[in-house]
Amino acid sequence: MDLELSGKVVLVTGSSDGLGAAVARRLVREGARVALCARGAERLEATAAALRADGGDVLAMPADVSKAYELEHFVDAAQARWGRVDGLVNNAGSAAGKPFASVTDAEWEADLQLKLFAAVRAARHVLPHLSASGGGSIVNVLSIRAKEPGAQSTPSSVTRAAGMALMKALSKELGPRDIRVNAVLVGMIESGQWEKRAQKAGKPLAELQAELARNAGVPLGRIGKPEEFADVVAFLLSPRAGYISGTAINVDGGLSGAV
Ligand SMILES: NC(=O)c1ccc[n+]([C@@H]2O[C@H](COP(=O)([O-])OP(=O)(O)OC[C@H]3O[C@@H](n4cnc5c(N)ncnc54)[C@H](OP(=O)(O)O)[C@@H]3O)[C@@H](O)[C@H]2O)c1
């Protein structure tokens, strides 16, 4: 299926590694022009260089999305380079869940800044550009915890539930401007964060992943691949998903009990 993304301009936050980088690779394959950001300049540039080697028209800008000025500068840079914006993927984030009583105010604040306020600010800043392009698509990357918070999942599950409410509210408000807003709720998918966990546990990555999938009871019996996630995001960004808005899709191998 041709996703009709050729020439579209899409911003992907947190895209030097993991799921964000997989989305960027998928979009480049579709002929989209992609703006990448992350905090670490070196890894970001390496990811951008690989995409350019594949023929991608790519902008890479070091930016911490929890800092309003850096995030806005990133959006402005993409608009300045290509003169339009058609899509935004709010992906930057990290795992954060531990016993409630041990989560400090500073950790609540940091989680909300990174995963909620960044999505709020990016959407607000990108809106005029999407409108000027005649519409567009916003995809917020969340976690299945947004629908089904578990024990020891704060602050992340609360931030993710707020992200889902943001997505729904925006989909209602922006629909008349032909801007679709959706969320993808991730279960367990291979990425840099799992590699770091494997190193910490002193286990080979494949062994850790098989163990996690078994212990969690993933119905499909395995952890997901970043490409499987990227396919869903690329579809939601594309005109082929033209009548899909206000939806939160689980990409979790059937793990979540919530529909
Ligand atoms: N993989 C999973 O199983 C899973 C499960 C549930 C939810 N998720 C969510 O899916 C998203 C992607 O996760 P992932 O597994 O791909 O993570 P990852 O492998 O750790 O990659 C995270 C990416 O985001 C960037 N990043 C982190 N903090 C940032 C910040 N403040 N500003 C800008 N960029 C930032 C990182 O680069 P720098 O460190 O250089 O900034 C990196 O490029 C996250 O929101 C995560 O919470 C993933």
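Position 1 is the first residue of the sequence; numbering continues from there. Ligands are counted one by one from 1 in listed order, and the atoms in each one are counted from 1 as well.
- Checked for salt-bridge contact, R52 and E45 meet the test: a charged N lies under 4.0 Å from a carboxylate O.
- Annotation: atom 15 (O) of ligand 1 to nearest protein heavy atom, S191 OG, 2.5 Å.
- For ligand 1, the atoms sitting less than 4.0 Å from at least one non-hydrogen atom of G187 are 3 (O), 5 (C), 6 (C), numbered in the order shown with element in parentheses.
- Protein heavy atom at the shortest distance from atom 16 (O) of ligand 1 is L19 N, 2.7 Å.
- The shortest separation from a heavy atom of K67 to ligand 1 is not under 4.0 Å, leaving the residue out of contact.
- Scanning the protein heavy atoms around atom 42 (C) of ligand 1, the nearest turns out to be S16 OG, 3.7 Å.
- The protein heavy atom nearest to atom 23 (C) of ligand 1 is G14 O, 3.4 Å.
- Among the atoms of K115, none of the N or O lies under 3.5 angstrom from an N or O of ligand 1.
- Proximity of a side-chain donor or acceptor of K8 to a complementary backbone N or O of A32 within less than 3.5 Å is not detected.
- Near R43, meaning under 4.0 Å from one of its heavy atoms, ligand 1 places the atoms 36 (C), 37 (O), 38 (P), 39 (O), 40 (O), 42 (C).
- Between H73 and Y69, the ring planes lie parallel to each other; the angle is under 30°, not in the 30° to 60° tilted range.
- Looking at every heavy atom in both residues, R39 comes nearest to P62 through O-CB, 4.1 Å.
- Using a 4.0 Å cut-off between heavy atoms, A63 contacts ligand 1 through its backbone alone, with no side-chain atom that close.
- Annotation: V65 places an N or O atom under 3.5 Å from an N or O atom of ligand 1; distance criterion only.
- Close contacts of ligand 1 with M188, meaning ligand atoms under 4.0 Å from a residue heavy atom, involve 3 (O).
- Closest approach of G187 to I144, counting heavy atoms only: CA-CD1, 3.9 Å.
- One N or O on the side chain of D2 and one on the backbone of E4 form a donor-acceptor pair closer than 3.5 Å.
- At least one donor-acceptor pair closer than 3.5 Å links the side chain of S102 to the backbone N or O of P99.
- Look at R84 and D86 and you find a salt bridge, because one of the NZ, NE, NH1 or NH2 atoms lies within 4.0 Å of a carboxylate O, short of that distance.
- Among G18, G93, S94, the residue whose heavy atom lies nearest to atom 22 (C) of ligand 1 is G93.
- Near L114, with a cut-off below 4.0 Å to any heavy atom, the atoms of ligand 1 are 30 (C), 31 (N).
- Using a distance-only test at 3.5 Å, with no hydrogens or angles considered, a donor-acceptor pair links the side chain of S245 to the main chain of V181.
- The minimum heavy-atom distance between A146 and L185, with the atom names listed, is CB-CD2, 4.3 Å.
- Inclusion of L142 in the set of residues having an N or O under 3.5 Å from an N or O of ligand 1 is not warranted.
- Heavy atoms of A118 found under 4.0 angstrom from ligand 1: none, in either backbone or side chain.
- Ranking protein heavy atoms by distance to atom 44 (C) of ligand 1, first place goes to N91 O, 3.2 Å.
- The closest protein non-hydrogen atom to atom 34 (N) of ligand 1 is A38 CA, 3.5 Å.
- Judged by a 6.0 Å distance limit and a 45° cone about the ring axis, R197 is positioned over the six-membered ring of W194.
- Among K196, R39, E70, the residue whose heavy atom lies closest to atom 28 (N) of ligand 1 is R39.
- Protein heavy atom nearest atom 31 (N) of ligand 1, with residue, atom name and distance: D64 OD1, 2.8 Å.
- Looking only at distances, a side-chain donor or acceptor of E148 sits under 3.5 Å from a matching main-chain atom of G257.
- For ligand 1, the atoms closer than 4.0 angstrom to any heavy atom of W194 are 1 (N), 2 (C), 3 (O).
- Between the choices G40, G192, A22, the shortest heavy-atom distance to atom 19 (O) of ligand 1 belongs to G192.
- No side-chain N or O of S256 forms a donor-acceptor pair with one of K147 less than 3.5 Å apart.
- Looking only at protein heavy atoms, the nearest one to atom 47 (O) of ligand 1 is R160 NH2, 2.8 Å.
- For ligand 1, the atoms closer than 4.0 angstrom to any heavy atom of V141 are 10 (O), 11 (C).
- Residue-ligand proximity: T13 is placed with every non-hydrogen atom at 4.0 Å or more from ligand 1.
- The side-chain heavy atoms of V10 and L237, taken from C-beta on, include a pair separated by under 4.5 Å.
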